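Predicted model only: the values in this text are computed from it and were never measured. When a residue number appears, it is its place in the shown sequence, counting from 1. As a basis for the values below, the full set of heavy atoms in this structure was taken, side chains included, without hydrogen atoms, waters or symmetry mates.
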Amino acid sequence: MRIRRVLSTAALLAGVAAAPALLVAAASPALADASPSASPSGDGSAPTEAGTSFRTATEIEQGVQATAGASTGDYLYWQFAADAGQRPTVKATVKLPEASKRSGTETWQIDVYDGLRRRQACQYGAQTRTAGADASSVELSCTLRTVRAWSEPWADDPLPGTYYVRLTATALGATDLGLPMSTELQVDSKDIGGSAAVDGSLAKPLVPGIAVKSASDDTSGDGSGSKTAVLSSLRPDGSGWWSDRWVWTAIGGVLAALAGIWGYSLTRGRGRPSRIPPGA
């Protein structure tokens with residue numbers, strides 16, 4: 001009987017120990033679907049121009065390289081959408097004017113703002129760089145903190161919604177202003193997953209109005225018309241209900257069950273001693 005109990009307990013422990021592997025295997029397709037992938041822009045072409053202010057910022061999709069030609073000294077603006085659990089990385093390459101036309105070194109900087117136009121700090125990356133007098137290009141990058149689904153009103157955490165990118169030269173000679181230059185910009189995100197999940201979510205993403213237009217059905221008769229905000233067409237895709245926190249929660253439950261079975265096997269003892277008769 002004792003051997004039979006030992007074998008049954010060993011079989012139970014083996015079955016419970018195999019449960020985490022089965023859960024991870026079953027969750028793998030869902031995790032693969034939850035990871036972001038680069039997708040082309042809606043019209044099949046990448047943007048070839050940039051805005052000159054927050055209100056005219058050019059919309060770009062993540063994973064699509066945008067290009068723009070401008071003059072040295074201009075402020076260039078783009079906007080993209082980021083969802084909770086993503087860690088966006090903005091990379092920009094500035095192709096400088098010919099070295100023979102420049103007066104010396106140039107310093108370029110890239111800044112990222114959220115939907116409330118709060119400047120977001122870069123977790124790492126070369127946000128500001130100085131190009132030498134003979135350099136042909138300069139590369140900038142900024143990796144933001146992980147976007148949170150919810151945050152306290154006083155906090156400056158990244159939240160789901162629209163993000164603005166501003167690129168400009170911060171230090172250059174007066175004779176360099178107006179020289180032609182070109183830029184390449186791309187935004188990619190890494191899906192951090194359940195480790196960045198929080199309890200709570202925004203009612204709506206931070207997607208502010210970027211323009212104002214008159215309502216088409218003007219019934220007032222005075223020609224003034226009502227004004228309505230034109231919202232950005234970019235929206236976070238939404239990560240859905242699935243999170244890898246489900247997998248780790250299930251694994252934790254299985255480990256807790258194993259610990260309970262092991263503790264019970266230690267404390268229950270070996271049963272009635274053979275020297276004590278039944279009913280004694």
Name each donor-acceptor pair under 3.5 Å that joins a side chain in residues 167-182 to protein atoms two or more places apart or in another chain, with its distance.
from	atom 1	to	atom 2	distance (Å)
T168	OG1	D74	O	3.4
T170	OG1	T107	O	3.4
D176	OD1	S103	N	2.9
D176	OD1	S103	OG	3.3
D176	OD2	S103	OG	3.0

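- With sequence neighbours excluded, no residue forms a side-chain contact (heavy atoms from CB on, under 4.5 Å) with A259.
- Among all heavy-atom pairs drawn from V64 and A46, the shortest one is CG1-CB, 3.6 Å.
- The salt bridge (Lys or Arg N to Asp or Glu O under 4.0 Å) check on K95 picks up E184, with sequence neighbours excluded.
- Applying the disulfide (SG to SG under 2.5 Å) test to residues at least two apart or on different chains, the pairs with a partner in residues 72-137 are C122-C142.
- Q120 pairs by the side-chain contact (heavy atoms from CB on, under 4.5 Å) definition with D114, R118, L144, R145, D156, P158, Y163, not counting sequence neighbours.
- Residues passing the side chain to side chain donor-acceptor pair (under 3.5 Å) test with Y113, sequence neighbours excluded: R166.
- Grouped by direct or indirect side-chain proximity (heavy atoms under 4.5 Å, Ile/Leu/Val/Met/Phe/Trp/Tyr only), Y264 sits alone.
- In terms of the side chain to side chain donor-acceptor pair (under 3.5 Å) criterion, residue partners of Q109 (sequence neighbours excluded) are, by chain and number, D111, T128.
- In this structure R102 satisfies the side chain to side chain donor-acceptor pair (under 3.5 Å) test with no other residue, sequence neighbours excluded.
- Here S53 pairs with R55, T56 under the side-chain contact (heavy atoms from CB on, under 4.5 Å) rule; sequence neighbours left out.
- Under the rule for a side chain to side chain donor-acceptor pair (under 3.5 Å), the partners of T143 that lie at least two apart in sequence or sit in another chain are T89.
- Sorted by first and then second residue, the disulfide (SG to SG under 2.5 Å) pairs with a member in residues 144-178 form an empty list; sequence neighbours excluded.
- Q79 places no side-chain N or O within donor-acceptor distance of the main-chain N or O of E59, the cut-off being under 3.5 Å.
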